[in-house]
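Okay, structure first, notes after.
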Amino acid sequence: MPVTDCGICDVADVGNIAKLQKSRTVNIGRRDCSVKKVNINTPTSEQLSSLNLKEGRNTITFCFSTPMMGKRQIDARIFLWKWNTRIVISDVDGTITRSDVLGQFMPLVGIDWSQSGVAHLFSEIKENGYQILFLSARAISQAHHTRQFLLNLNQDGKVLPDGPVVISPDGLFPSLYREVIRRAPQEFKIACLEDIRALFPPDYNPFYAGFGNRDTDEISYLKVGIAKGKIFIINPKGEISVNRRCLDTKSYTSLHALVHGMFPPTESSEQEDFNSWNFWKLPSFE
């Protein structure tokens, strides 16, 4: 339905709406060579400044109205990070869950289908000063369930750290077609990560490491400049490989003892290229 009015406003002051400008029209090419035009509403720097965002997570309300539904308000989140933030990317299906398909449906019926030890490991990484970004090729209609799954995941008292949950803006069937039939989720992921990287200074790459479960995840992470030695691929058995070579540790749980070597505290002055993990543990890469 056409949107007649839209804007963003701080949760504490819903009446003070900052109008969003329709900045540009994007042409999305499809396999049948037809073109779909989509309007993108992008807030300007001035509009973002007027929200008085604080560092970290900020809750906002997106206000809109349509002829059919009338006026509606949807809560959303904006994360404000420093220019030199180090970001660790994590896929969701098959990476936090134990498989791509069952990982989407098992939590809906109350069955835990998560990889053992993932909450503890990611919490340790966050405590060392890194930010976690969750990236999924799931459809936008699954956004709420995906966020709730990540929020409610609890393993022995450890929960996943708070972070942005970035999901494909496509509908359910286009997303399934791209991921299941064409097997090309990297198309969305690469474009999304490149947009995020463009928010940072041109000479700085915020992406430090990436967790995934497919070759397409590795392709996406390499494309945005993550080093091969910082890309962790996990299989359905929970075994982890780096640069297609299995680690001796082989699981999220056993990586806890090495987390300070793989992800040294960001305030540390240690020369990371020569620490005990990189010098002794990682295989030589070609």
Side-chain angles (χ1 to χ4, degrees), residues 87-123 125 132-155 158-161 163-168 170 172-193 207 209-224 226 228 230-247 249-255 262:
I87 300 174
V88 175
I89 310 164
S90 175
D91 178 44
V92 177
D93 296 315
T95 303
I96 293 177
T97 65
R98 280 184 277 165
S99 63
D100 286 324
V101 178
L102 292 179
Q104 299 189 39
F105 296 104
M106 287 302 190
L108 298 178
V109 295
I111 299 177
D112 181 16
W113 208 251
S114 60
Q115 295 277 12
S116 178
V118 63
H120 193 175
L121 177 63
F122 282 14
S123 295
I125 294 173
I132 307 295
L133 185 149
F134 301 100
L135 179 65
S136 174
R138 290 185 181 186
I140 191 66
S141 58
Q142 299 172 281
H144 175 73
H145 294 296
T146 303
R147 291 189 183 98
Q148 289 303 308
F149 163 70
L150 297 173
L151 179 65
N152 296 325
L153 182 61
N154 189 312
Q155 297 178 333
K158 284 289 185 178
V159 297
L160 289 173
V165 182
V166 183
I167 290 180
S168 168
D170 293 329
L172 179 60
F173 291 109
S175 296
L176 287 175
Y177 177 74
R178 179 181 58 229
E179 185 162 7
V180 179
I181 305 301
R182 293 180 55 215
R183 295 185 176 275
Q186 72 273 16
E187 293 178 352
F188 155 71
K189 291 185 176 181
I190 291 173
C192 176
L193 292 175
F207 300 128
F211 288 83
N213 69 307
R214 289 185 179 184
D215 291 342
T216 54
D217 293 322
E218 184 175 10
I219 292 171
S220 302
Y221 299 154
L222 288 173
K223 184 68 175 178
V224 295
I226 297 178
K228 288 184 178 181
K230 295 296 184 181
I231 298 176
F232 302 84
I233 302 298
I234 188 167
N235 64 23
K237 296 180 181 179
E239 298 170 338
I240 296 176
S241 63
V242 177
N243 199 22
R244 303 184 185 276
R245 302 183 185 185
C246 288
L247 300 175
T249 51
K250 292 190 176 181
S251 72
Y252 284 141
T253 301
S254 52
L255 284 180
M262 293 184 298

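Worth knowing before you read on, the calculation uses all heavy atoms, side chains too, and leaves out hydrogens, waters and symmetry mates.
Taken to the nearest 0.5 Å, the NZ atom of K223 stands 14.0 Å off from the CZ atom of F207. Note that the CG atom of L193 and the CG atom of L133 stand 7.0 Å from one another [nearest 0.5 Å]. Summarising the geometry, atom OH belonging to Y252 is positioned 7.5 Å from atom CG belonging to L121; distances are rounded to the nearest 0.5 Å. One distance of note links CG of L151 with CD of Q148; it measures 5.5 Å at 0.5 Å rounding. Atom CD1 of I89 is separated from atom OG1 of T95 by 11.5 Å, given to the nearest 0.5 angstrom. I87 CD1 to L135 CG: the interatomic distance, rounded to the nearest 0.5 Å, is 11.0 Å.
Under the ring-ring contact (aromatic ring centres under 6.0 Å, His included) criterion, Y221 pairs with no residue, sequence neighbours left out. Partners of S123 under the side-chain hydrogen bond (donor to acceptor under 3.5 Å, both in side chains) rule, at least two apart in sequence or in another chain, do not exist in this structure.
In this structure, Q155 and H120 approach most closely via the heavy-atom pair OE1-N, 4.5 Å. A pairwise comparison of heavy atoms in K189 and S220 identifies CB-OG, 3.7 Å as the closest pair. Residues I132 and P161 approach most closely at CG1-CG, 3.6 Å, considering heavy atoms. Contact detail for D93 and S136: the closest heavy-atom pair is OD2-OG, 4.1 Å.
Contact of the L255 side chain with the M262 side chain is registered, since non-hydrogen atoms from C-beta on lie closer than 4.5 Å. For the pair I234/E239, no side-chain contact is recorded, criterion being any heavy-atom separation below 4.5 Å from C-beta on. Taking 4.5 Å as the limit, some side-chain heavy atom of T146 sits within range of a side-chain heavy atom of V165. Side chains of S90 and I96 form a contact here, defined as non-hydrogen atoms less than 4.5 Å apart. Using a 4.5 Å heavy-atom cutoff, the side chains of I167 and F188 are not in contact. Using a 4.5 Å heavy-atom cutoff, the side chains of S251 and I240 are not in contact. Considering only heavy atoms from C-beta on, D217 stays 4.5 Å or farther from D215 through its side chain. Residues L153 and V118 have side chains in contact (heavy-atom distance under 4.5 Å, counting atoms from C-beta outward).
Between F122 and F134, the ring planes are tilted. Angles from 30° to 60° get that label.
Comment: R214 does not engage D91 in a salt bridge, judged by the lack of any side-chain N to carboxylate O separation of less than 4.0 angstrom.
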(message) Does F211 form a side chain to side chain contact (heavy atoms under 4.5 Å, CB included) with V92? I'd like the steps, not just the answer.
(response) CA-CA 9 Å; F211 288 83; V92 177; over 6 Å; no

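T97 contributes a side-chain N or O that, together with a main-chain N or O of G94, makes up a donor-acceptor pair within less than 3.5 Å.
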